[in-house]
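Below, all heavy atoms of this structure are taken into account, side chains as well, without hydrogens, waters or symmetry copies. Atoms within a ligand are numbered from 1 in the order they appear, just like the ligands themselves.
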Amino acid sequence: MKLYRDARLATLDGDTPWGAIENGALLVDGSRIAWVGELAALPAELAVQVQEEQHLHAAWVTPGLIDCHTHLVYGGLRAKEFEARLAGVSYEEIARSGGGIRSTVNSTRQMGESALLKSARRRLAALKSDGVTTLEIKSGYGLSLVDEARMLQVARRLGHEDGISVQTTFLALHALPPEYEGRADDYVSDALGWLEKLHEHQLVDAVDAFCERIAFSPAQVERLFAMARQLGLPVKLHAEQLSDQGGAQLAARYGALSCDHLEWLSEEGIAAMAAAGTVAVLLPGAFQFLRETKLPPVRLLREAGVPMAVSTDHNPGSSPLLSLRLAMHLACLHFGLSPEEALRGATVQAARALGLADRGRLRAGLRADFCVWDIDHPRELSYWMGGALLRRRVCAGLETEENPHG
Ligand code: DI6
Ligand code: FE
């Protein structure tokens with residue numbers, strides 16, 4: 001076993017601030033944490049099993065960061081659209097005139113698996129170099145069986161590479177592709193068939209949809225959720241991002257893992273999420289990049305006891321954000337999270353949003369996913385706007401080499 005010692009641990013376990021442990025040690029057995037605590041308390045029967053010691057010189061250690069909502073795999077960019085928006089055109093106008101998600105669909109359909117893999121891997125490297133050890137990747141820029149399958153294959157392949165764990169999500173109900181213009185219900189019917197096939201090939205860990213005026217109606221989303229339930233797949237929803245569609249209540253009725261965005265979330269939606277144990281995933285990158293002004297009801301969510309996760313929503317149209325730490329910073333600044341809530345949001349609550357019980361904290365028995373940081377206090381993770389703070393990153397017990405800052 002490998003002992004990481006002389007650490008300051010932000011375990012995020014228990015009720016103490018940050019779950020902090022001074023003079024801490026972390027014992028790793030293969031891919032798992034075998035023991036966490038004050039070094040002086042390490043049981044003798046474990047101490048004799050230590051084969052290797054790493055001194056961390058009082059550096060802070062946190063759980064590995066978890067990015068629970070990304071659209072990392074896609075072709076093309078939307079920087080021109082960004083310019084148009086700066087000149088006054090709205091995101092919804094761009095979407096309605098055939099740009100937006102559809103333009104990314106065009107580019108994605110033209111790219112083969114290896115080109116998609118290469119471009120996504122570059123973006124993934126940025127997220128990893130800032131502490132991400134688990135991320136979710138959605139489909140939703142293919143919008144046909146073969147193109148959605150290719151996106152999910154790429155996500156799976158990234159997940160088989162060392163130093164990262166990937167959860168895949170089927171998001172065919174993201175936008176209506178041009179060949180189905182005026183036939184949204186037929187598209188939904190076809191997408192249900194694709195879901196069955198992709199699930200058979202074990203390409204799908206969860207099911208998501210974009211419930212919005214410019215996307216799919218609650219009734220259409222419900223057909224998808226009913227199929228997901230039949231297949232035993234968990235659901236989540238892009239809900240109340242640009243308007244209140246009652247998506248949160250619908251998702252909660254299906255026991256959704258999470259509802260994401262939530263700027264227009266109603267009090268009924270909050271109550272439904274609280275009752276169902278659904279996580280609220282806050283996406284301040286999209287809020288900022290779209291220059292939204294309507295804030296998600298963070299205070300009410302907090303009062304209702306709804307867990308709040310924080311994620312990048314990385315995508316080319318509404319959140320070209322490649323740092324989960326910067327998302328934490330933006331969640332504090334725009335949405336009023338405390339730095340500790342933001343860190344818990346990108347670890348403990350993000351794990352919950354993915355339905356993963358084996359990570360998100362530093363605790364014996366969980367995966368050995370953790371980060372060693374160049375900081376004097378964990379609040380700095382939400383304070384700095386960028387910077388190279390990560391010293392070491394361990395994923396499933398494996399220390400990966402890609403970080404140049406060590
Ligand atoms: N909401 C979003 O913010 C992203 N997808 C979604 O359903 C935007 C995706 C894009 O503009 O490409
Ligand atoms: Fe999204």
[X] heavy atoms, cut-off 4.0 Å: which ligand 1 atoms fall inside?
X	value
H261	1 (N), 2 (C), 3 (O)
D313	2 (C), 3 (O)
H71	5 (N)
N315	4 (C), 8 (C), 9 (C), 10 (C), 11 (O), 12 (O)
Q241	1 (N), 2 (C), 3 (O)

Legend entry - Cation-pi check, R223 onto F216 ring (under 6.0 Å, within 45° of axis):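 Negative - R223 is either too far from the ring of F216 or too far off its axis.
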Inset, instruction - Indicate the ring-plane relationship of W194 and Y180, choosing parallel, tilted or perpendicular according to the 30° and 60° boundaries. - result: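 W194 vs Y180 ring planes: perpendicular.
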Inset, instruction - Measure the acute angle between the ring planes of F82 and F289, then classify it against the limits of 30° and 60° as parallel, tilted or perpendicular. - result: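 Answer is parallel, since the angle falls under 30°.
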Inset, instruction - State yes or no: are the ring centers of H314 and Y74 separated by less than 6.0 Å? - result: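 That pair passes the under 6.0 Å test.
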Inset, instruction - Find out whether T278 and V306 are in side-chain contact, i.e. whether some heavy atom of one side chain is under 4.5 Å from a heavy atom of the other. - result: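 No; the side chains remain at least 4.5 Å from each other.
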Legend entry - K236 with E136: basic N within carboxylate O range, under 4.0 Å: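 A salt bridge links K236 with E136.
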Legend entry - Shortest-distance N, O or S atom of D313 relative to the Fe ion (ligand 2):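 In D313, the N, O or S atom with the shortest distance to the Fe ion (ligand 2) is OD1.
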To which protein heavy atom is [atom] closest, and what is the distance rounded to 0.1 Å?
atom	answer
atom 2 (C) of ligand 1	S318 OG, 3.4 Å
atom 9 (C) of ligand 1	Y141 OH, 3.2 Å
atom 5 (N) of ligand 1	H174 NE2, 2.8 Å

Inset, instruction - Might you confirm whether atom CD of E179 has over 12 heavy atoms from other residues, nucleotides or ligands at distances under 6.0 Å? - result: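 It does: E179 CD has more than 12 such atoms within range.
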Inset, instruction - Calculate the angle formed at the Fe ion (ligand 2) by NE2 in H238 and NE2 in H69; 10° precision is enough. - result: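 Roughly 90°, rounded to 10°.
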Inset, instruction - Decide whether an N or O pair under 3.5 Å exists between Y91 and ligand 1. - result: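 Such a contact does occur with ligand 1.
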Legend entry - Gap separating the CZ atom of R122 from the CG atom of L322, nearest 0.5 angstrom: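 Answer rounded to 0.5 Å: 10.0 Å.
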Legend entry - Of the listed options Y74, F210, F216, closest to atom 7 (O) of ligand 1 (non-hydrogen atoms):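 It is F210 whose heavy atom sits nearest to atom 7 (O) of ligand 1.
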